[in-house]
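Worksheet: one structure, shown below.
Everything numeric in this text was worked out from a predicted model, so none of it was measured.
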Amino acid sequence: MCQNTARLCESHILPKFLFKDTGLIGAKRKFNVKCINQPEHSEFHKQDAFKEYLLCGNCEGRLSVWEGYAREQFFGPNNPFAHSNEMGFVWKGLDYLTMKLFTTSILWRMGISSHPFYYHVQLGKSHEERLRKMLLAEDPKESWRYACSIGFLYYGGKPLGGVFSQPQRTKQNGRYLYRLMIAGMVWFFHVTSHAPPFKEYEGVLQLSGQWAVPTIEALAIPFIKDEIDLFRKTEGTTT
């Protein structure tokens with residue numbers, strides 16, 4: 001991130017708390033990923049989620065601030081998810097700067113990662129550099145720029161918990177976005193540096209600190225249905 005010469009740390013690409021606080025990893029649970037199409041990329045009996053040497057200690061320190069804030073909001077005692085109804089909710093009172101930098105950092109890390117799990121996140125050098133500069137300057141920019149939207153997932157009438165999926169690339173209104181499941185939510189990362197019609201981005205984190213979070217039946221989203229079907233077939237492993 002800082003482009004200084006320094007000793008690198010093993011950095012998580014997706015934040016560790018998204019795995020740990022939903023029971024995907026822990027003291028009594030190993031981390032297993034079975035790759036169906038390319039078995040050589042499978043990883044079994046790991047203590048931790050995907051990591052690689054990516055950031056120096058100073059840059060890791062920046063991430064820890066953003067991630068610490070996000071963890072408290074998503075999983076702290078006052079998180080709104082436990083009280084979500086079938087319509088969802090509008091999350092209020094969020095610190096726009098910190099939460100936007102948190103989501104932006106996930107997109108950037110997935111894009112620069114060399115791990116095969118993140119192979120489909122191909123941002124290109126221009127987007128990677130814009131994202132890096134946003135993070136380094138701690139400037140989250142406008143709400144639509146590299147925005148993130150989420151949906152709280154239900155499956156069989158209950159919240160969908162410990163499942164995660166490989167990030168995939170798709171297109172919406174002529175723009176690329178990346179989608180994945182983790183921590184009982186579906187996440188959409190919108191890759192755009194040009195202002196769109198604002199109605200397209202009503203569901204992303206707003207400058208006011210509000211974030212509309214719909215409740216979604218998991219099987220109503222085709223790509224999630226496909227992932228869940230694959231999850232069942234492979235007896236609790238994912239690709």
Side-chain angles (χ1 to χ4, degrees), residues 1-2 13-15 17-18 21 59 61-85 87-112 121 123-124 126-153 167 169-216:
M1 187 192 304
C2 64
I13 310 304
L14 290 176
F17 76 84
L18 293 177
D21 288 18
C59 292
R62 289 175 182 248
L63 289 186
S64 67
V65 173
W66 307 333
E67 291 186 359
Y69 174 80
R71 182 180 186 181
E72 179 66 20
Q73 301 307 310
F74 278 103
F75 294 105
N78 297 318
N79 84 79
F81 294 93
H83 307 291
S84 177
N85 57 38
M87 298 300 293
F89 57 92
V90 176
W91 207 349
K92 298 180 179 180
L94 293 169
D95 183 285
Y96 174 78
L97 184 148
T98 308
M99 186 63 84
K100 178 70 182 297
L101 291 174
F102 165 72
T103 60
T104 301
S105 75
I106 294 176
L107 176 61
W108 179 69
R109 281 179 277 173
M110 291 193 301
I112 66 171
V121 185
L123 298 174
S126 294
H127 286 301
E128 287 178 8
E129 182 63 7
R130 291 189 191 105
L131 289 163
R132 185 191 70 81
K133 288 180 177 179
M134 286 170 62
L135 296 172
L136 186 63
E138 298 191 0
D139 180 1
K141 303 291 186 182
E142 305 91 337
S143 60
W144 53 263
R145 195 183 296 269
Y146 301 111
C148 176
S149 52
I150 57 176
F152 189 47
L153 295 173
R169 184 168 76 167
T170 186
K171 256 190 173 182
Q172 184 182 70
N173 298 326
R175 301 179 182 89
Y176 284 116
L177 71 150
Y178 295 92
R179 61 193 186 189
L180 70 147
M181 273 191 301
I182 192 168
M185 289 167 273
V186 58
W187 301 65
F188 297 95
F189 295 89
H190 305 259
V191 180
T192 180
S193 57
H194 302 286
F198 280 93
K199 64 180 181 180
E200 292 184 16
Y201 285 81
E202 292 176 351
V204 305
L205 175 64
Q206 302 295 313
L207 291 168
S208 63
Q210 294 191 2
W211 200 354
V213 182
T215 297
I216 304 172

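- No side-chain heavy atom of V204 sits under 4.5 Å from any side-chain heavy atom of W144.
- Atom-to-atom distance recorded for M185:CE and I150:CD1 is 5.5 Å, nearest 0.5 angstrom.
- Legend: residues meeting salt bridge (Lys or Arg N to Asp or Glu O under 4.0 Å) with E142, ordered by chain and number and at least two apart, are R145.
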Problem - Full working for side-chain contact (heavy atoms from CB on, under 4.5 Å) between Y178 and L123 - result: CA-CA 10 Å; Y178 295 92; L123 298 174; 3.7 Å; yes

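- The two atoms that bring R132 and C2 nearest to each other are NH1-C, 4.4 Å, heavy atoms only.
- K92 is linked by a salt bridge (Lys or Arg N to Asp or Glu O under 4.0 Å) to nothing, counting only residues two or more places apart in sequence or in another chain.
- Taking the side-chain hydrogen bond (donor to acceptor under 3.5 Å, both in side chains) definition, one finds that T104 meets it with nothing, sequence neighbours left out.
- Every side chain to side chain contact (heavy atoms under 4.5 Å, CB included) that S208 has, sequence neighbours left out, goes to Q206, Q210.
- When all heavy atoms are compared, the tightest approach of S143 to A147 is O-CB, 3.2 Å.
- In this structure F74 satisfies the ring pair (Phe, Tyr, Trp, His ring centres under 6.0 Å) test together with F81, W91, W187, sequence neighbours excluded.
- Applying the ring pair (Phe, Tyr, Trp, His ring centres under 6.0 Å) rule to F102 yields the partners F17; only residues at least two apart in sequence or on another chain are considered.
- Taking the ring pair (Phe, Tyr, Trp, His ring centres under 6.0 Å) definition, one finds that Y146 meets it with H127, sequence neighbours left out.
- Partners of E128 by side-chain hydrogen bond (donor to acceptor under 3.5 Å, both in side chains), not counting sequence neighbours: none found.
- At a threshold of 4.5 Å between non-hydrogen side-chain atoms, the residues L101 and V65 do not count as touching.
- In this view, T103 and K100, C148, F189, W211 satisfy the side chain to side chain contact (heavy atoms under 4.5 Å, CB included) rule, not counting sequence neighbours.
- By the side chain to side chain contact (heavy atoms under 4.5 Å, CB included) test, T98 pairs with W66, Y69, D95, sequence neighbours left out.
- With sequence neighbours left out, the salt bridge (Lys or Arg N to Asp or Glu O under 4.0 Å) criterion links R179 to no other residue.
- Residues L177 and Q172 share a closest heavy-atom pair of CD2-CB, 3.4 Å.
- Nearest heavy atom pair, residue P167 against residue M110, reads CG-SD, 3.8 Å.
- In this structure the side chain of L14 reaches within 4.5 angstrom of the side chain of L180, judged on heavy atoms.
- Here the CD1 atom belonging to I106 is positioned 12.5 Å from the CG atom belonging to L131, to the nearest 0.5 angstrom.
- Two residues are said to be in side-chain contact when any heavy atoms from C-beta on lie closer than 4.5 Å; L135 and R62 fail this criterion.
- Rounded to the nearest 0.5 Å, atoms OG1 (T192) and CZ (R175) are 5.0 Å apart.
- Scored by the salt bridge (Lys or Arg N to Asp or Glu O under 4.0 Å) test, R130 finds no partners at all (sequence neighbours excluded).
- From L153, atom CG reaches atom OG1 of T215 across 9.0 Å, with rounding to the nearest 0.5 Å.
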